[in-house]
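Okay, structure first, notes after.
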Amino acid sequence: MQKRETTMQALCEALMNDVYYAFSACVYLDADGHVLHIWMFDTLFCWKSVILPPKTHEVWLISHHPDGDMEPAEEDARHAAKIREQLGDCPLYTCIANEEFGCRCVAF
């Protein structure tokens, strides 16, 4: 778990530092923890069906909260529910990220 959180923190910093609007990212990883694909989308206005790349072992949903509110928003919960519907047995890990406060794992 600690390795996942450390990697997620580094990915949040790489994707979300210096961006000042709400957006989300789905990160698809294989069994060895290698990133297979990243899908970035506008948290408020965008949605499409999740298409799992072959060999996806787990998915991370990262939601950027530039306002500093580190609690999940209604949109975050809605995205997590839609993604879970399409994942089958594949686990979903979720976190809230902010440039000032870092990355916080959350459960929906």
Side-chain angles (χ1 to χ4, degrees):
M1 184 65 161
Q2 182 62 30
K3 181 180 178 186
R4 178 181 297 114
E5 289 180 16
T6 301
T7 303
M8 197 178 285
Q9 177 70 36
L11 189 58
C12 288
E13 289 175 11
L15 292 174
M16 299 181 175
N17 279 3
D18 301 321
V19 179
Y20 305 103
Y21 64 92
F23 73 97
S24 299
C26 277
V27 182
Y28 305 87
L29 297 101
D30 67 13
D32 296 322
H34 298 114
V35 174
L36 299 169
H37 182 69
I38 298 175
W39 167 46
M40 296 173 66
F41 59 96
D42 186 301
T43 302
L44 301 176
F45 301 110
C46 179
W47 184 255
K48 67 176 185 176
S49 294
V50 174
I51 298 173
L52 291 177
K55 300 183 182 180
T56 297
H57 180 73
E58 64 185 57
V59 177
W60 299 350
L61 173 62
I62 302 169
S63 183
H64 183 244
H65 286 204
D67 60 2
D69 183 356
M70 297 301 282
E71 293 301 316
E74 182 179 317
E75 293 85 5
D76 301 323
R78 189 170 50 248
H79 292 312
K82 286 181 180 180
I83 291 167
R84 267 204 186 88
E85 286 175 6
Q86 300 176 44
L87 290 182
D89 294 332
C90 188
L92 174 67
Y93 299 94
T94 55
C95 75
I96 305 299
N98 174 274
E99 187 169 333
E100 185 176 348
F101 300 109
C103 179
R104 177 177 165 247
C105 293
V106 295
F108 294 98

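Proximity of Glu99 to Pro66: side-chain heavy atoms (C-beta onward) are nowhere separated by under 4.5 Å. The closest side-chain heavy-atom distance from Asp76 to His65 is below 4.5 Å. In this structure, the side chains of Tyr28 and Glu58 stay at 4.5 Å or more apart for every pair of heavy atoms. Side-chain contact check for Cys95 versus Cys12: some heavy-atom pair is nearer than 4.5 Å.
Atom-to-atom distance recorded for Asn98:CG and Met70:CE is 5.5 Å, nearest 0.5 angstrom. Rounding to the nearest 0.5 Å places CE of Met8 at 13.0 Å from CZ of Arg104. Here the CD atom belonging to Glu75 is positioned 5.0 Å from the CG atom belonging to Leu44, to the nearest 0.5 angstrom.
Remark: side-chain polar atoms of Ser63 are not paired, donor with acceptor, to backbone N or O of Ser24 under 3.5 angstrom. In this structure, His34 contributes its side chain and Leu29 its backbone to no donor-acceptor pair below 3.5 Å. Judged by distance alone, with hydrogens and angles left aside, the side-chain atoms of Asn17 form no donor-acceptor pair with the main-chain N or O of Ala14 at under 3.5 Å. A donor-acceptor pair under 3.5 Å links the side-chain atoms of Gln9 to the main chain of Cys103, judged by distance alone. Under a 3.5 Å cut-off, the side chain of Thr56 and the backbone N or O of Leu52 do not form any donor-acceptor pair.
When the side chains of ILVMFWY residues are joined at heavy-atom separations under 4.5 Å, either directly or via intervening members, Tyr21 and Ile62 end up in a single hydrophobic cluster.
Qualifying side chain to side chain contact (heavy atoms under 4.5 Å, CB included) partners for Arg84, counting only residues two or more places apart in sequence or in other chains: Ala80, Leu92, Phe108.
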Would you check, one step at a time, whether the test ring pair (Phe, Tyr, Trp, His ring centres under 6.0 Å) holds for Phe41 with His79?
CA-CA 11 Å; Phe41 59 96; His79 292 312; 5.0 Å; yes
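Heavy atoms only, all atoms of each residue included: Met16 and Phe23 are closest at CG-CZ, 3.4 Å. Here the shortest heavy-atom pairing between Pro54 and Leu36 reads O-CD1, 3.6 Å. The heavy-atom pair separating Ile96 from Pro72 by the smallest distance is CD1-CA, 4.0 Å. Cys26 approaches Leu61 most closely through the heavy-atom pair SG-CD1, 4.0 Å.
The closest side-chain donor-acceptor pair between His57 and Asp32, if any, does not fall under 3.5 angstrom.
Checked against Trp60 for a side-chain contact (heavy atoms from CB on, under 4.5 Å), the options Ile38, Val35, Leu11 give a single hit: Leu11.
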